[in-house]
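Report on one structure; see the data block that follows.
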Amino acid sequence: MVNVAVLGYGTIGSGVVEVLAKNKEIVKEHTGDEIRVTRVLDLREFPGSAIEKILTHDFNDIADDDSVDIVVEVMGGTRPAYDFVKTCLERGKSVVTSNKALVAAYGPELIRIARENRVNFMFEASVGGGIPIIRPLLRCITADDILEISGILNGTTNFILTKMYNEGSAFEPTLKEAQALGYAEADPTADIEGYDPCRKIAILTSLAYGRFVDFEEISCTGITGITSADIAFAKALGKKIKLFGSSFKQNGTVYAEVAPAMIGPEHPLYAVEDVMNAIMVTGNMLGNVMFYGAGAGSLPTASAVVSDIIVEAKHLDENIKIVMEPEKMVLGDISKATSRYFVRLPKDAEVSFPVEEELSLPDYPEYKAFLTGEMTGAEIAAVSEAAFIKLR
Ligand code: HSE
């Protein structure tokens with residue numbers, strides 16, 4: 001019998017309890033042992049629920065309970081999650097988390113503490129919800145030099161951009177709809193300004209190169225600057241605008257950013273719509289591989305959490321190596337990376353960049369749009385009055 005405690009009985013925590021109950025036999029078959037939730041920590045009461053009798057409001061009931069083998073942290077945020085997770089690891093309990101903020105800020109330290117205590121710290125659900133991407137990066141795509149990771153890593157913004165594209169709807173009401181459907185973070189700023197995918201691409205890049213990538217050093221632009229004019233021009237060009245979290249190698253330097261990208265139907269991420277997420281990884285031997293699925297939601301995210309629980313249950317007292325060295329990886333200055341761009345300018349503005357294609361739209365007579373040749377980020381930023389989006 002493997003005993004599990006769950007910290008937080010919200011969307012994901014209740015999903016974990018449900019997955020373990022509904023798929024009890026499948027989980028047992030994979031683990032070779034029965035997994036039982038014996039404690040749940042939450043400040044709230046849940047009268048009449050399945051966890052009523054195992055609910056506690058005191059973290060020490062779990063930390064001090066030697067019978068708990070694995071702790072699932074699904075509270076979100078870094079405090080008190082960091083202190084709780086650290087304590088559990090130091091007391092010889094393995095930890096599974098879905099908490100991207102925690103991993104992006106403290107990943108190397110918590111991985112080290114787990115190693116020192118011969119337990120495990122796993123976080124498959126922290127990026128892409130139910131999509132398997134952490135384990136593939138750590139265990140499968142290991143023979144390659146990773147040249148690029150590009151992902152649609154935020155369901156809320158993908159939902160908004162998809163609706164704006166398909167229905168011509170405005171930004172604000174579409175955001176409200178995403179919030180009502182439970183996709184957005186408590187503070188949707190983290191979604192629409194790109195802070196949520198920023199932490200996710202930081203985690204993926206850290207795992208791809210084995211060194212800590214500080215999300216605070218990643219250039220981050222969200223979707224609040226995308227207008228209906230940009231979407232109309234994209235449509236006329238046969239392209240879509242998506243929010244990309246990316247890291248890529250150019251001339252041996254690794255760059256990372258979160259920014260809107262304009263992509264055509266030839267791009268593997270073009271068909272990723274609504275709240276779905278997808279991550280494309282390019283290896284120098286492998287070429288492109290793509291991982292697609294539900295990037296949020298109770299049961300998909302819980303499915304990823306339970307997959308980590310199963311691995312940890314099979315390796316109690318044995319640390320499975322994860323390389324994320326604490327020395328910060330030096331990222332290239334994104335303004336020096338080159339790309340082609342979509343540029344929208346006022347009709348009478350001066351054009352001072354290499355043009356490959358020009359476009360006007362009768363619905364937007366005040367603007368003209370261009371697809372540029374290769375330019376650096378600094379060069380495009382210097383074009384006055386330009387709204388621009390990378391072509392990928
Ligand atoms: N708010 C996030 C999203 C949830 O919209 O993708 C999953 O991290």
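Because the structure is predicted, anything quoted here is derived from the model rather than measured.
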Checklist outcome for this item: Tightest non-hydrogen contact, residues K321 and R139, listed as O-NH2, 3.0 Å

Checklist entry - Between Y209 (side chain) and I146 (backbone), is there a donor-acceptor pair under 3.5 Å? => result yes

Next on the checklist: Contact between E116 and R112 at the side-chain level, heavy atoms closer than 4.5 Å - yes or no?
Outcome noted: yes

Next on the checklist: Just so I know, are the side chains of K239 and L371 near enough to count as touching, which here means a heavy-atom distance under 4.5 Å?
Outcome noted: yes

Checklist entry - Any chance the side chains of T301 and S98 put a donor and an acceptor closer than 3.5 Å? => result no

Checklist entry - Between the side chain of N284 and the main-chain N/O of D145, is any donor-acceptor distance below 3.5 Å? => result yes

Checklist entry - If you measure only the distance, is there a donor-acceptor pair under 3.5 Å linking the side chains of D333 and S335? => result yes

Next on the checklist: I want to check something: taking the side chain as every heavy atom from C-beta on, are F215 and I203 in contact at a cut-off of under 4.5 Å?
Outcome noted: no

Next on the checklist: Could you walk me through whether I133 and V281 satisfy the side chain to side chain contact (heavy atoms under 4.5 Å, CB included) test, starting with their C-alpha distance in whole Å, then the side-chain angles of each, then the deciding distance to 0.1 Å, before giving a yes or no?
Outcome noted: CA-CA 10 Å; I133 180 62; V281 181; 4.1 Å; yes

Checklist entry - Is F370 close to V351 at the side-chain level, that is, under 4.5 Å between some pair of heavy atoms? => result yes

Checklist entry - Given I241 and Y165, is the side chain to side chain contact (heavy atoms under 4.5 Å, CB included) satisfied, shown in steps? => result CA-CA 8 Å; I241 299 168; Y165 182 93; over 6 Å; no

Checklist entry - Do the rings of Y9 and F46 sit parallel, tilted or perpendicular, given the 30° and 60° boundaries? => result perpendicular

Checklist entry - Heavy atoms, side chains only, cut-off 4.5 Å: are I322 and F123 in contact? => result yes

Next on the checklist: Looking at N3 and S67, would you say the former's side chain and the latter's main chain have a donor-acceptor pair under 3.5 Å?
Outcome noted: yes

Next on the checklist: Tell me the closest heavy-atom pair linking A105 and T78, and the distance in Å.
Outcome noted: CB-CG2, 4.4 Å

Item to check | Side chain T205, main chain A202, donor-acceptor under 3.5 Å | outcome: no

Next on the checklist: Measuring from atom OG of S360 to atom NZ of K347, what distance do you get when rounded to the nearest 0.5 angstrom?
Outcome noted: 3.0 Å

Next on the checklist: Between N158 and V272 (side chain of the first, backbone of the second, donor and acceptor by atom type, cut-off under 3.5 Å), is there such a pair?
Outcome noted: yes

Item to check | Atom pair CZ/OG1 of R340 and T372 - distance to nearest 0.5 Å | outcome: 6.5 Å

Checklist entry - Below 4.5 Å, heavy atoms only, C-beta onward: do C88 and F121 meet side chain to side chain? => result no

Checklist entry - Once you round to the nearest 0.5 Å, how far does CD1 of I26 lie from OG1 of T31? => result 11.0 Å

Checklist entry - Minimum heavy-atom separation for M285 to D144, with atom names? => result N-OD2, 2.7 Å

Checklist entry - Is any side-chain heavy atom of L299 less than 4.5 Å from a side-chain heavy atom of V19? => result yes

Item to check | Partner of L102 by side-chain contact (heavy atoms from CB on, under 4.5 Å), out of M75, R79, E73 | outcome: E73

Checklist entry - Would a distance-only check, ignoring hydrogens and angles, find a side-chain to backbone donor-acceptor pair under 3.5 Å from H57 to L41? => result no

Checklist entry - Just checking, K242 and Y270: is the charged tip under 6.0 Å from the six-membered ring centre and within 45° of the axis? => result no

Next on the checklist: Check for me whether R344 meets the cation-pi criterion with Y364, that is, NZ or CZ under 6.0 Å from the six-membered ring centre and within 45 degrees of the ring axis.
Outcome noted: no

Checklist entry - Between the side chains of E148 and S150, is a donor N or O closer than 3.5 angstrom to an acceptor N or O? => result yes

Item to check | Main-chain N/O of R199 paired to K100 side chain as donor or acceptor, under 3.5 Å | outcome: no

Item to check | Trace of the side chain to side chain contact (heavy atoms under 4.5 Å, CB included) decision for I201 with F244 | outcome: CA-CA 9 Å; I201 194 65; F244 268 27; over 6 Å; no

Next on the checklist: Donor-acceptor check, side chain of D274 to backbone of M276, threshold 3.5 angstrom: yes or no?
Outcome noted: no

Checklist entry - How about V71 and V85: do any of their side-chain heavy atoms sit closer than 4.5 Å? => result no

Next on the checklist: Between V306 and V16, does the side chain to side chain contact (heavy atoms under 4.5 Å, CB included) criterion hold? Intermediate values first, please.
Outcome noted: CA-CA 7 Å; V306 172; V16 169; 4.2 Å; yes

Checklist outcome for this item: To the nearest 0.5 Å, atom CG of L391 lies from atom CE of M262 at 6.5 Å

Item to check | Distance, nearest 0.5 Å, that separates OG1 of T221 from CZ of F388 | outcome: 8.0 Å

Next on the checklist: Let me check something: do L243 and L175 share a hydrophobic cluster, defined by ILVMFWY side-chain heavy atoms less than 4.5 Å apart, either directly or through other members?
Outcome noted: yes

Checklist entry - Looking at R91 and D66, does any basic side-chain N land under 4.0 Å from a carboxylate oxygen? => result no

Checklist entry - Do Y341 and F353 make the cut of ring centroids closer than 6.0 angstrom? => result no

